[in-house]
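Only one structure is covered here, and it is reproduced in the block below.
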Amino acid sequence: MPEGHTVHRIALDHSKVLRGKRIAVSSPQRRFAADAALVDGVRLLGIEAYGKHLFYSWANGLVGHVHLGLFGKFRVHRGTAPIDAPTVRMRLAVPKATIDLTGPTDCAIGTAEDRDRIVQRLGPDPLREDADPQRAFESIARRVAPIGQLLLEQKVMSGVGNVYRAEALFANGMHPNRPGRAITPEAFAGLWTTVVTMLRQGVVDDRIITLDRDEYELPSGRTRRGETTYVYHRDLCLRCGTPILTVDLGGRPCYYCPVCQPD
DNA sequence: AAGAATGTTATGTA
DNA sequence: CTACATAACATTCT
């Protein structure tokens, strides 16, 4: 274990807070969950997500903060953990299972104030009951920046990500380059509803599938990237067959169909 | 085996 | 203070 990489022992159910990030299961069993847990002898009170930030509240008042970033991953091991785990940043363990966290952008122990500071700088999270969509609309409506860029900005709204931004814009027939200030309240309402629906579906599926299930059968067996979306990472639009284009927005490619999403 | 990738923030410039 | 671009960081897979 490298210096400074403290290992914490806790247990939890992550399935509701990972937003399309899948837990890699190292054994045939699908998922691990636990009701109660200990953190170095301290009870885990709960896990909460704001956007893609995960917070672990412990009975000693401290709050763990994890952000998976691009590479962060939880691996579930049934039974005892592998001994050799030099890159593990957090270990979640109970007698029958171990979940190891590797590669996160953030993994730290802090206070409730540290958590509040992070939450304060985030826009409304479409997955949360307490989200106020009006806040997001107001920050969009006074910007000229393209909506495709704004959807990735955490202070506009939090937790959307590159797949859902492309798929939500597609579902609303909205070109990613449309300026924020050109988004009407009605158009925003549709977009917000789509994002909420898609993210909730992701929680149910524990992966990202944006296909309308009345229209498309779920892909069976192993699916590759670009098989569970309409435009994201596709060569051709699933709906109309037009070649998919990308535009760089927020430093990342935004996939869109020029026919289904006219200017 | 270089390069891409389901993310975000800090920092510099205008 | 706002807006925008770029760099930085994490790791695995093809």
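Each chain gets a letter, A, B and so on, in the order its sequence line appears, and its residues count up from 1.
- One interatomic measurement links the two molecules: NZ of A:K155 to P of B:dT9, which rounds to 9 Å at whole-angstrom precision.
- Going from atom CG of A:L152 over to atom OG of A:S158 covers 12.0 Å, rounded to the nearest 0.5 Å.
- The nucleotide whose nearest atom lies closest to any side-chain atom of A:H233 is, among C:dC4, B:dT9, B:dA5, B:dA5.
- For A:Q149 and C:dA3, the CD to P distance is 10 Å, given to the nearest whole Å.
- For A:G250 and A:R142, each mapped to the nucleotide of DNA chain C holding its nearest heavy atom, the one lying further toward the 5' end belongs to A:R142.
- Of the residues near DNA chain C, A:P104 and A:V144, the one whose nearest nucleotide (by heavy atom distance) lies more toward the 5' end is A:V144.
- Side-chain atoms of A:Q261 come within 3.5 Å of backbone N or O of A:C257 as a donor-acceptor pair.
- Within 4.0 Å of A:R165, counting heavy atoms only, lies no atom of the nucleic acid at all.
- Comparing C:dT12, B:dT9, C:dC4 by their nearest atom to the side chain of A:K73 picks out C:dT12.
- Between the CG atom of A:L70 and the C1' atom of C:dA7 there is a distance of 15 Å, rounded to whole Å.
- Heavy atoms from other residues, nucleotides or ligands lying under 6.0 Å from CG of A:D235 number 12 at most.
- Minimum atom distance to the side chain of A:H67 is reached by B:dG7, of the listed C:dA3, C:dT12, B:dG7.
- Separating the P atom of C:dA10 from that of B:dA1 is a span of 22 Å, rounded to the nearest Å.
- Contact annotation: A:H65 does not reach the phosphate of B:dT8 (side-chain N/O to OP1 or OP2, under 4.0 Å).
- With rounding to the nearest 0.5 angstrom, the CZ atom of A:F55 is 8.0 Å from the OH atom of A:Y50.
- In this structure, CG of A:L152 is placed 15 Å from C1' of C:dA5, rounded to the nearest angstrom.
- Among the atoms of the strands shown, base atoms are found under 4.0 Å from some heavy atom of A:R252.
- Of the candidates B:dG7, C:dA3, C:dT12, C:dA3 carries the atom nearest the A:R143 side chain, counting heavy atoms from C-beta on.
- The distance from atom CG of A:D125 to atom P of B:dT8 is 11 Å, rounded to the nearest whole Å.
- Between the CZ atom of A:F71 and the C1' atom of C:dA10 there is a distance of 6 Å, rounded to whole Å.
- The partner of B:dG12 is C:dC4, by the rule that a Watson-Crick or G-U pair needs both atom distances under 3.5 Å.
- To the nearest angstrom, P of C:dT6 lies 13 Å from CG of A:L249.
- With rounding to whole Å, A:F74 atom CZ is found 14 Å from C:dA10 atom C1'.
- Under the 4.5 Å side-chain contact rule for hydrophobic residues, A:L249 and A:L151 do not share a cluster.
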